[in-house]
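Numbers here simply count residues along the sequence, with the first being 1. In what follows, every heavy atom counts, from backbone to side chain, and hydrogens, waters and symmetry copies are set aside. Computed from a predicted model, the values in this text were never measured in an experiment. For ligands, and for the atoms within them, numbers begin at 1 and follow the listed sequence.
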Amino acid sequence: MSEEQFIFHPDSEPIKDGKVTWRSPSNIALVKYWGKKANQIPANPSLSFTLNACATTTSLSYTQREHYADDFSFDLYFEGSQKEDFKPKINTFFKRIAPYVPFIKDVHLTIETSNSFPHSSGIASSASGMSALALCLMDIERQMDTTMTLDFFHRKASFLARLGSGSACRSIEGDLVHWGSHEDTVGSSDLYGIKYPYTVHEVFKNYHDTILLVDKGQKQVSSTVGHDLMHAHPFAQNRFDQAHENLTKLKTILVEGNLPEFVKIVESEALTLHAMMMTSLPYFILMKPNTLAIINKIWAFRESSNTNVCFTLDAGANVHVLYPQNEHKVVYQFIKDELVVYCENGQYLCDRIGFGAKKINS
Ligand code: DP6
């Protein structure tokens with residue numbers, strides 16, 4: 001499918017005033033997206049678990065504008081208060097998506113958004129936030145085009161979300177989502193995320209992700225800057241090739257439920273992401289001493305308990321602790337006894353694999 005297929009058809013119902021609300025989850029990458037080309041095209045394919053508890057709920061109210069103007073008219077409320085500083089990011093998003101949803105220039109939009117997780121938790125809200133907004137816009141489009149299939153609805157929502165934030169295109173559906181062209185993944189595309197198209201073993205069905213908030217501060221490196229560092233990076237091509245290889249290996253691992261091999265790939269992906277940042281110019285160390293302490297504790301516990309607990313990281317110091325449902329009791333006890341001391345103010349979030357975004361009655 002090419003970009004042209006997502007251009008809006010003008011032969012549809014005229015837009016009416018209304019309001020739509022969507023709740024969209026965050027996601028955690030197993031194979032990381034790090035590096036991109038123009039127009040939010042990823043430098044390598046990625047795969048993620050959709051989360052459940054960490055989510056953004058966004059309501060979008062729309063009313064016809066009195067006079068047509070070639071710009072965007074919108075107000076933005078975050079957790080009840082008007083947020084001027086979020087507006088430039090949304091304006092850039094609207095500019096990018098306007099060719100595909102031109103009706104956004106015909107209406108005044110009121111965006112009301114809130115997160116299920118604390119604002120200053122260091123948890124990126126761009127994936128859940130941009131996907132929730134993309135879904136609201138698609139809901140409006142669907143009201144004007146009643147022939148739209150559910151497949152197209154999901155695909156275009158993912159396509160639009162990608163133009164807001166790359167990882168957001170993996171937050172529309174669940175429970176595993178693949179984004180980016182990959183020769184061993186049928187139907188994969190750089191333009192949108194797809195539900196993972198292969199069989200996945202039962203053991204991955206109820207996977208847990210306990211997010212340890214090691215550093216709740218502002219991100220040290222924005223993802224825009226981070227992705228950019230891959231352009232002149234001496235190891236970039238090897239890294240992109242490695243992501244392709246890891247996805248191919250995961251195909252068998254996911255069917256077989258081979259947890260020891262799963263752990264190796266997931267942890268290696270997290271460490272490679274950080275290694276890329278440590279070896280770029282300028283260079284960054286995004287782990288904190290407590291991140292390392294947690295990783296060492298997880299390794300020691302995995303060895304002694306014979307479990308398959310593992311970690312992954314985003315572009316920051318927080319640690320995502322991943323483990324299957326049948327190990328929940330023992331691993332959760334270990335987290336409480338030995339890992340929570342490393343969290344800022346003892347804070348952590350309990351999440352698990354989820355099934356994608358949901359429409360909420362407005
Ligand atoms: C480390 O999706 O935040 O979380 O496209 O610039 O918005 P933009 O980047 P973003 O990058 C996420 C990077 C990552 C890995 C991942 O989620 O795959």
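The only option from Lys264, Lys249, Arg239 that meets the salt bridge (charged side-chain N to carboxylate O under 4.0 Å, His left out) definition with Glu269 turns out to be Arg239.
Under a 4.0 Å criterion applied to the non-hydrogen atoms of Ala29, ligand 1 contributes the atoms 16 (C), 17 (O), 18 (O). Residue Ser223 approaches ligand 1 through these ligand atoms, each under 4.0 Å from one of its heavy atoms: 3 (O), 6 (O), 7 (O), 8 (P), 9 (O), 10 (P), 11 (O). Residue contact check: Leu273 has heavy atoms under 4.0 Å from atoms 1 (C) of ligand 1. Here is the list of ligand 1 atoms found below 4.0 Å of a heavy atom in Ser165: 2 (O), 3 (O), 5 (O), 7 (O), 8 (P), 10 (P).
Centroid-to-centroid, the aromatic rings of Phe262 and Tyr207 come within less than 6.0 Å. Less than 6.0 angstrom separates the ring centroid of Phe8 from the ring centroid of Phe103. A distance below 6.0 Å separates the ring centres of Tyr196 and Tyr198.
Of the N or O atoms in Tyr33, one or more lie within a sub-3.5 Å distance of an N or O in ligand 1. Residue Ser46 places no N or O, backbone or side chain, under 3.5 Å from any N or O of ligand 1. At a 3.5 angstrom cut-off on N or O pairs, Arg170 counts as close to ligand 1. Between Gly166 and ligand 1, a contact under 3.5 Å exists for at least one N or O pair. Annotation: His227 places an N or O atom under 3.5 Å from an N or O atom of ligand 1; distance criterion only.
Of all protein heavy atoms, the one lying nearest to atom 6 (O) of ligand 1 is Lys36 NZ, 2.7 Å. If you check which protein heavy atom lies closest to atom 2 (O) of ligand 1, you get Ser167 OG, 2.6 Å. With respect to atom 4 (O) of ligand 1, the closest heavy atom belonging to the protein is Asp314 OD1, 3.4 Å.
Taking the six-membered ring where tryptophan is involved, the planes of His208 and Tyr323 are essentially parallel, since the angle between them stays under 30° and well short of 60°.
Remark: the Thr56 side chain and the Thr58 side chain contain no N/O donor-acceptor pair separated by less than 3.5 Å. A side-chain donor-acceptor contact under 3.5 Å links Lys36 and Gln40.
Summarising the geometry of Ala29 relative to Thr312, their closest heavy-atom pair is O-OG1, 3.8 Å, with the distance given to 0.1 Å.
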